[in-house]
Amino acid sequence: MLQEDFFKNIESQYQSQLPFVAYRKPREVLVKAIFQVDEQLHTVTDFTENGFVFAPFDATEKTILFPSENCQTIISECLFSSENTSTKNFISTGSNSQEEHINLVQKGIEHINTGALKKVVLSRVEKIPISEDNSIQFFKSLLQKYQDAFVYVWYHPKIGLWLGATPETLLNVEGQRFKTMSLAGTKKYDNTKDIPWGTKETDEQQIVTDYIVNNLQDVVDDIKATDTKTVKAGELLHLQSKISGVLKSGQLKPVIDSLHPTPAICGLPKAEAKNFILNNENYNREFYTGFLGELNFKTSKSRNTNRRNVENNAYSTVKNTSELFVNLRCMQIKKEQAHIYVGGGITKDSNPKLEWEETVSKTQTMLSVLL
């Protein structure tokens, strides 16, 4: 489908107030849109379903599903120039101000020092006046600026509209093969990835990696973790390790339950960190730090890589694949405002003022398409 017609169809679905999601996977040019044919609100029961899922931070809340059997899909190759557009300087004036966030971080550090927590991820929301009429244009801008991220726009009339450009994979499954990542630490990108990391960042990264590996032992065989490396996401740098293995039961739910919420977006121990977040952040994260993506899509792969051998190409395998991404670097559009969600991992070595500055850096991902 032509790029222009593709976005006209998305705009028409949005104006009709019918559910849809449009998205592009990291480092790809194909953008996919899934249109639900009615406005019914579907939810996931046990992750054996097939469709596109959108899950909240609080796993006790329902995960939203656009079921494949109730949807239509269109695809377009969407090419954008890679030119950088400048971002205006922005000073926070929202209700969750600098002083409030610094106090929240200090409270988190004090709680860690009691021995109750090793790490807690604390966040805030920044509210920016915008025109909701520009929502699809915001999506186009995200596609242009963040080609290494999972970029999406998601809408349901009973939930609202969300956009994001997330650098973090929660889960990638093909057949029985399983992949995930641990991602922690944040620094501004300054023309090089060859930078030194402090104890706070390296310890935080190791905490996340160890937790994921240890927590998956009962549901995954042959689990392995790579060495930590520096990766670029937009204008930010992070520490990343890749983790892989083989599903024991073939079921996704035990793996998702083990992973979500990860220490990268919640903390450790998980239950205590989540309880601290719910009692102290003073706002509802909703789908921020939840996850989203393709669930149990059928994919066919030929056993033969030689396209000329038509006979052997007939022997292909069909596998269930799932690609789920953590909903970071995101915003919600409502009542002519963009609600931008940002946070950071707090450990005993955290500096409250530097943690505030880190959240300011992270707002630039979304601000860059608004201002």
Next item on the list: Taking the side chain as every heavy atom from C-beta outward, state whether Leu79 and Val29 have any pair of such atoms under 4.5 Å apart.
Entry: yes
*asked:* Do Lys232 and Tyr189 form a cation-pi contact, if we require the NZ or CZ to be under 6.0 Å from the six-membered ring centre and within 45 degrees of the ring's axis?
replied: yes
Got a salt bridge between Lys119 and Asp203, using NZ or NE/NH1/NH2 to carboxylate O under 4.0 Å?
no
Check your understanding: Just by distance, with hydrogens left out, do Thr60 and Asp58 show a side-chain donor and acceptor under 3.5 Å apart?
Key -> yes
* For Asp46 and Thr48, test the side chains for any donor-to-acceptor distance below 3.5 angstrom and give the result as yes or no. => yes
- Query: So does Glu323 pair up with Lys179, basic N to acidic O under 4.0 Å?
  - Reply: no
- Item | Check: Tyr283 side chain, Val125 main-chain N or O, donor-acceptor pair, under 3.5 Å | no
So Phe325 and Phe150, would you call those rings parallel, tilted or perpendicular, with 30° and 60° as cut-offs? parallel
Parallel, tilted or perpendicular, judged at 30° and 60°: which one describes the rings of Phe287 and Trp162?
perpendicular
Return the orientation label for the Tyr288 and Tyr341 ring planes: parallel under 30°, perpendicular over 60°, tilted otherwise. parallel
Contacts of Phe139 meeting ring-ring contact (aromatic ring centres under 6.0 Å, His included) (sequence neighbours excluded), chain-then-number -> none
Mind checking whether Phe66 and Trp154 have parallel, tilted or perpendicular rings, split at 30° and 60°?
parallel
task = Name the orientation class of the two ring planes belonging to Phe20 and Phe35 (parallel below 30°, tilted from 30 to 60°, perpendicular beyond 60°).
result = perpendicular
Residues passing the ring-ring contact (aromatic ring centres under 6.0 Å, His included) test with Phe6, sequence neighbours excluded, are none
Applying salt bridge (Lys or Arg N to Asp or Glu O under 4.0 Å) to Glu49 and not counting sequence neighbours gives none
